[in-house]
Protein chains: 2
Amino acid sequence: MEPEKILNISVDCVVFGYDITTKSLNVLVIKRFLEAEGKVLVDDYVLTGYHVYKQETLDQTATRVLKELTGLTGQYKKQFKAFGNPDRLTNEKDIIWIKNEEFNLRTITIAYYFLLKTEDVDVNKNKYQAKWFPVNNLPELGFDHKKIIEEAYEDLKIKCLSEPIIFKLLPDKFTINEAQDLYQSILGIEIDNRNFRRKLINKKYIIALDEKQVGVSKKPAQLYMFSLDLYEKMFKKNYLINI
Amino acid sequence: MEPEKILNISVDCVVFGYDITTKSLNVLVIKRFLEAEGKVLVDDYVLTGYHVYKQETLDQTATRVLKELTGLTGQYKKQFKAFGNPDRLTNEKDIIWIKNEEFNLRTITIAYYFLLKTEDVDVNKNKYQAKWFPVNNLPELGFDHKKIIEEAYEDLKIKCLSEPIIFKLLPDKFTINEAQDLYQSILGIEIDNRNFRRKLINKKYIIALDEKQVGVSKKPAQLYMFSLDLYEKMFKKNYLINI
DNA sequence: TATTTTAAACGTATTTTTTACGTTATTAAC
DNA sequence: GTTAATAACGTAAAAAATACGTTTAAAATA
């Protein structure tokens with residue numbers, strides 16, 4: 001039996017997935033489809049989310065929602081904002097949709113984002129018809145989910161500048177250029193490769209492995225890993241005022 | 001008649017007030033007191049907060065709560081986190097207290113913080129028995145409000161490094177040293193006055209006024225103001241990766 | 001009025017970090 | 001071996017941060 005739900009409080013999850021091959025930062029959304037009498041009433045996408053259960057923390061709700069959608073656990077997650085405007089679920093299609101759901105029109109949602117690799121999710125046999133879209137080229141989205149994604153993306157942009165979260169989006173073993181490509185994808189900027197390379201290599205927590213790329217048709221690049229352990233050991237807040 | 005409340009969703013406000021005289025960053029809390037049969041059951045402090053009304057946004061709730069407590073409007077405010085652990089209101093005293101209130105034990109609160117000057121609030125004739133406490137020397141607090149304050153403070157520390165929010169805590173006309181004292185109070189660090197002074201004065205949005213301090217018994221300092229207008233005009237995100 | 005006291009304000013040298021861009025090295029494919 | 005392509009290294013200049021010495025201005029006092 002399903003635990004008791006809080007009908008007016010939900011968690012929505014912005015699942016960011018980085019595709020290292022296409023160098024694309026993507027968002028995972030699910031299909032919202034409804035037809036009646038042969039007529040399509042709703043056909044768009046929404047974020048994955050669910051009610052908070054009476055006996056769980058918000059973090060647990062988020063973890064549960066991600067697992068239900070992707071089967072994954074232990075991914076990086078961050079609660080970044082609550083959305084609670086009275087009109088946030090009141091577009092025409094939202095109202096049609098909600099009629100079929102056990103759902104309160106005045107629902108407040110706590111929004112989280114997750115960081116993982118696109119390839120870690122098998123979308124083909126996904127029961128929610130989950131699909132990846134580039135964060136800069138989203139489909140039509142229901143509720144206020146476009147806004148939620150945009151705010152998550154802004155938070156991610158800021159956060160990746162000061163915390164080593166990009167490594168959540170990269171494989172354990174990565175090349176300097178792959179890290180650079182990721183920054184460029186997230187921030188939408190060009191970075192000088194020579195300076196970026198030097199900067200990253202000089203960090204003590206970026207560890208050169210005894211390995212190179214395999215299966216590439218040009219000079220294979222050196223592989224590196226990120227050591228969270230070393231990062232945390234050496235970490236001191238430097239309080240650089242930069243206004 | 002009071003608008004309809006959402007009984008399981010509230011907003012709590014961490015009101016930061018800077019006292020430029022004592023150079024102290026303070027938090028405004030209200031008294032929570034209950035006695036029965038001559039016995040004191042509850043005697044501590046809590047953040048100010050209230051239910052969200054059915055027809056208002058979360059931001060509006062926060063604004064309303066601050067106005068109710070202080071009479072102030074238009075202050076800087078930021079929604080920084082939602083707190084929703086099932087056990088967040090279940091300390092012994094919390095349970096005693098909630099019995100007397102129209103209040104759901106499983107309430108989720110959206111926490112905001114405000115930035116203002118301590119002197120802008122008249123706590124003496126405040127009907128909630130509001131009181132300022134230094135953020136580093138808080139009294140006994142009910143519910144999970146100690147945790148909420150600590151997380152608000154952490155967010156403020158980070159944010160003041162990259163956004164010009166300290167000027168919300170200073171008078172319109174301030175001296176360089178007053179700005180420095182404020183940074184030192186918030187961050188708990190010592191800053192070299194000569195370097196700080198040069199750095200701040202060189203900003204185009206820090207404007208030297210044709211005025212000096214009055215009523216000081218030593219050399220009066222030059223007064224400056226912050227121009228949000230100039231700040232926003234010149235602002236370009238520089239995306240400095242600093243991991 | 002001259003002197004003292006105290007904090008404000010200015011200055012200079014050094015180190016560190018960032019930025020810009022030229023050059024070399026390595027590997028697979030031909 | 002030669003070529004093509006990317007990885008990887010290097011150097012110089014500019015900008016920013018850090019450390020710390022010196023001067024100036026105003027009020028209090030002697």
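Below, read A as the first sequence line, B as the second, and so on, with proteins coming before strands; counting in each chain starts at 1. Hydrogens, waters and symmetry mates play no part in the numbers below; they use all other heavy atoms, side chains included.
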Check ion pair [X]-[Y] (N to O, under 4.0 angstrom):
{"X": "B/D19", "Y": "B/K23", "answer": "no"}
{"X": "A/D43", "Y": "A/R32", "answer": "no"}
{"X": "B/D144", "Y": "B/K81", "answer": "no"}

Between atom [atom1] in [X] and atom [atom2] in [N], what is the gap in whole Å?
{"X": "A/F196", "N": "C/dT17", "atom1": "CZ", "atom2": "C1'", "value": "16 Å"}
{"X": "A/I191", "N": "C/dA20", "atom1": "CD1", "atom2": "P", "value": "13 Å"}
{"X": "A/E190", "N": "C/dT19", "atom1": "CD", "atom2": "C1'", "value": "15 Å"}
{"X": "A/L240", "N": "D/dT18", "atom1": "CG", "atom2": "P", "value": "6 Å"}
{"X": "A/K199", "N": "C/dT17", "atom1": "NZ", "atom2": "P", "value": "10 Å"}
{"X": "A/N242", "N": "C/dT17", "atom1": "CG", "atom2": "P", "value": "15 Å"}

Readout for nucleotides 6-11 of chain D: B = base within 4.0 Å of protein heavy atom, S = sugar-phosphate only, - = neither; 5' to 3' it is BBBBBB
With sequence neighbours left out, the residues meeting side chain to side chain contact (heavy atoms under 4.5 Å, CB included) with B/D192 are B/R194, B/N195
Verdict with supporting geometry, B/F133 and B/N137, side-chain contact (heavy atoms from CB on, under 4.5 Å): CA-CA 7 Å; B/F133 287 91; B/N137 192 18; over 6 Å; no
- request: Among B/Y113, B/W132, B/Y76, find the one that has a ring pair (Phe, Tyr, Trp, His ring centres under 6.0 Å) with B/F16.
  value: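 By the ring pair (Phe, Tyr, Trp, His ring centres under 6.0 Å) criterion, B/F16 pairs with just one of B/Y113, B/W132, B/Y76: B/Y113.
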